[in-house]
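Residue numbers begin at 1 in each chain, while the letters A, B, ... track the order of the sequences. Every value quoted in this text rests on a predicted model; they were computed, and no experiment measured them.
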Amino acid sequence: MLYRIKLYASPRAAPPLKDDHSLEALLKYFEAVKEKYLHMKPGEVRVKVDQAGHAKIDFIDFPSGTLSNTIDTNKPVSVQAGGATIKVFVGGRDDAFFNDLPGFFRSINYAPQFYHVPHTMTDVRELPIPKTLIELEGNKLFNFDPVNPKHGQGVKLDLPKGPLTWSGKSYHKDANGNYRFVYSGKDAQAGKNINAIILEIPLAFITQSPQNDRIVNAWGESWVLKASHKVATIPDDRRPFMSRLTGWFTGLFSSKTGFEEELGQYKLVDTDGQAFADAALNEREDERQIGGNNFWLAPHFVTRLAHLGWGFGPSITALGLRTSFDHDNSPISVHRTYDSPILAFPRAKKVIFQELNMPDNKWNKKGLNIPLRRSFEIFVPNVNYIDMDTTGTWPYGRRPEDQVATRFLSLFLDMEAEINGKKYNIDMLGDQSLWDKVKIEPKTPPNPLKNDKPFLKQFPYLAEPW
Amino acid sequence: MRFLKPILIAVTAIGLSFPLVSMTDRKPGAPTAYEAELSRIQKDISDLKDGASSAPSDMEKAARYVHRIYERALLTGSYADLHAAQAAIDRAIGESGPLADLYLLKANLDFRLHRLEKADRDVQALARFAGNSQIIALKAGIAFQQGGYEEAKKGYRLAIEKNSTWDNLARLAYWESKFGDIELADKLYGQAENEISAKEMRSYAWVELERGLLEFNRGRYQKAAAHYDQADKAYSGYWLADEHRAELLGAERKFDQAVALYGRVVGRAPRPEFQQALGDLFAFMGKPDQAKPWHDAALAGYLESTARGEVHYYHHLAGFYADSRQDGAEAVKWARKDIELRQNFLTQDALAWALYRNGQFAAALETIEKALASGVKDSHLFFHAAMIHLAAGRTGEGKRLLQALSEMNPGYENFHVHR
């Protein structure tokens, strides 16, 4: 495997499309961002681990140049690079995600979480049932089953015969008139470990103008070695000496750098940029795992948000909250898909353009004039946008303790609305007191508020593995 | 340089294993790649069993168990293992119901064993997954076997559009190789290789063997050998690679080496078609006495299979009787059985050649014309067509076909097997 973390710093731009909230303007904006990203030259941190447990770490195309180090895995180390001290950790840690992933999958009727569906059968992933935050009456495929409480949380059943649809007209209510939440609030990743690459890098290593370039865009990629290049590395006594000599000589005059040559030996298999960009907006399709260059998905971003909105919007309304999605006061969630953004856009316009209120001003630690972010800025391009003048909390970066899954749902809340004299904000759905007042079971925020293991206050920040 | 307060830039959690695949050559005495993979599969099968001999009852485990049994069959090439896979699939479907995964395996197995009607029914049972690239490719494969070449090509292309996997690319490459665009076929195989990761070295080796075969079928033995070398290097100890190389050695008239290698292949993968190949090699060398026991063994294997009700050796039997035994009547009998199952250029060619061997030249001519009408450019087909035309008194067309054959494959008269 080969892992790349790409980093690109730039000044904070003035908020785009402040007054023009048209689809045409939005698509033009995406085009402009695309031009910018296609021409930028991000720095790259490249990591490969050998069988002896050493990690080769390359810092490529940074202002101070390119250099390589080899470090031990599973040990925080400091690397000197271009006069900077960079902290690096490569190895196993506690899984830092703390989401009720099965709950999210229940909300979007994602069959592979609940049923035996071959992963290659993409057409039977999200079933054509309205997405929703509260259970639909008679949605036997996905509703919580007290007889089989672990269904979807490790237990999978055969995909039933017959139509994989739903034809009800109302949300489910129990005998006490309570809705049933699709979420459980439990950490699906509790007690699990992951492999991690953790870097702490001075901004001045990434850009020569750290005073001006206050935004760092970051995304990661996983690459797997191609078979053809594994073969090339196997010593071959049969290959004539002259042939080997010719290969070496040709390599000397190749226009590609060693790093480019190396990358040609690998195949991109996954990308990580903005939280929830893949799971929620790209429908987890392999061909959409394209990281920062997700511009061709921009029209899809509009149609997908509208599709999600028809599901989540009415269920938010049913809970007595206000939604940013225009669902014509539909009393029930609707399964609707769009081929073109033209029809989808008016419905999702507010979801796309509204400013996402923060719970308080702590994020803006310097009190600068930093505008609130909007969903179209967050998801296109698919990068983690880190504002160095903030605390780096989502959507101004992403801190480990951020509950991004719940914050993602807040895109569908009407940020102009108020509750208890306070405007809706991105952490509102994580407030237990809100759920205490709603006729719903279980009375819990959708996702846990904390990780199963506390994060560390010092590098490498993620907790020790279990 | 003044550093600003550092910030945690990126925490990339990647749930993928760290250890890189081995970059070193195999040490003497170490297991070959084939042995290592077989051993892993055997261990998985053993671990997945509930008891010492019983299949797992848990559905998830049962599906994994069946997959591993099927993978073992593909790896060993043993029909006994294929039967075990079939039994495991049937049992799992009986116990767990028609899971899509299991039905897909069943469909593939039926297809592999020439049970096209069954494969078609299996695919119909997977109708709700009709848009899936694996189903599309399988349907295209069935269409190809039934002579629907354009439908097959369309299906392969659609499968690639849906999912550009190495196997879908290889399917289209095979199609192109049969219909004459060898360069395009090779390019497609090259693209297929580009999609194969270092964890799939056997798949890479398989594609290299196919590329080698493209060269072999054009008489370019050095280039074929280079691909076979690459296959061997990628995935050591693979009987399929040895089988291809044995054929090549025979074509190069390195008979001793070819015989020795075929002997090893037959020892490891005792399939009747390999026994026939070794017999054919002895016959080609002018040693009928040494050919006979291998031919006898091959025939016994073929007939045991048909006695079990299997149909996948009909084609081999037609060829065996036509070429190895020169028994036209028997050849026609088996070729007719084969063509009843699937009407395509291969079965039409086999029947025509059997009719020719039986002295029925007019019927042979009529049948071979159907095969030629497919547009397939295949040296076996052209050779048979030339002989049939000459025998039927159509000398001009016979000579033209021989000329085309020599341009297609100047080494056609050298040793080769019918695949």
Side-chain angles (χ1 to χ4, degrees), chain A residues 1 3 5 7 48-51 73 83-84 87 93 95-97 116-118 120-124 156 158-159 164 194-204 206 210 216 218 220 222 224-231 233-236 238 267 269-270 272 384 386 388 392 400 459 461-462, chain B residues 1-26 59-60 63 96-102 104 126 128-135 162-166 190 193-201 203-205 207-208 229-230 233-234:
Chain A
M1 297 294 301
Y3 304 100
I5 294 163
L7 303 159
K48 288 181 298 172
V49 178
D50 66 20
Q51 286 186 314
T73 52
K87 292 182 185 172
R93 304 309 283 179
D95 188 339
F97 293 102
H116 298 285
V117 176
T120 48
M121 301 205 163
T122 51
D123 7 24
V124 195
K156 286 187 190 181
D158 297 349
L159 200 58
L164 302 174
I194 44 99
N195 286 322
I197 297 167
I198 307 173
L199 305 164
E200 188 171 289
I201 305 178
L203 180 59
I206 298 169
V216 177
S222 301
V224 63
L225 188 69
K226 289 178 190 170
S228 51
H229 289 279
K230 184 184 175 191
V231 174
T233 63
I234 298 172
D236 183 1
R238 286 186 290 258
K267 182 183 165 206
V269 289
D270 195 16
D272 282 301
N384 192 358
I386 304 162
M388 299 296 286
F459 189 85
Y461 303 106
L462 301 196
Chain B
M1 188 183 293
R2 189 170 72 87
F3 292 136
L4 298 178
K5 187 179 175 188
I7 186 169
L8 178 68
I9 291 297
V11 178
T12 304
I14 303 157
L16 294 166
S17 60
F18 274 136
L20 287 179
V21 288
S22 168
M23 297 275 185
T24 55
D25 204 359
R26 193 166 58 90
M59 202 180 298
E60 198 82 43
S96 314
L99 298 184
D101 248 358
L102 296 175
L104 190 57
L126 291 163
R128 71 165 55 156
F129 305 111
N132 177 264
S133 68
Q134 289 185 50
I135 305 294
K162 292 244 174 193
N163 202 359
S164 176
T165 54
W166 74 266
E193 286 182 350
N194 222 24
E195 295 298 320
I196 301 174
S197 83
K199 290 182 178 174
E200 308 162 289
M201 298 307 282
S203 303
Y204 177 83
V207 176
E208 277 296 302
D229 284 350
Q230 188 81 341
K233 194 169 144 185

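Distance check: Lys199(B) NZ to Met1(A) CE gives 6.5 Å after rounding to the nearest 0.5 Å. To the nearest 0.5 Å, atom NZ of residue Lys233(B) and atom NZ of residue Lys230(A) are 12.0 Å apart. Rounding to the nearest 0.5 Å places CG of Asn194(B) at 6.0 Å from OG of Ser228(A).
Contact annotation for Lys267(A): only side-chain heavy atoms (C-beta onward) come within less than 4.5 Å of a heavy atom of chain B. Heavy-atom distances place both the backbone and the side chain of Glu195(B) under 4.5 Å from chain A.
Lys87(A) meets the side-chain hydrogen bond (donor to acceptor under 3.5 Å, both in side chains) test with no other residue; sequence neighbours excluded.
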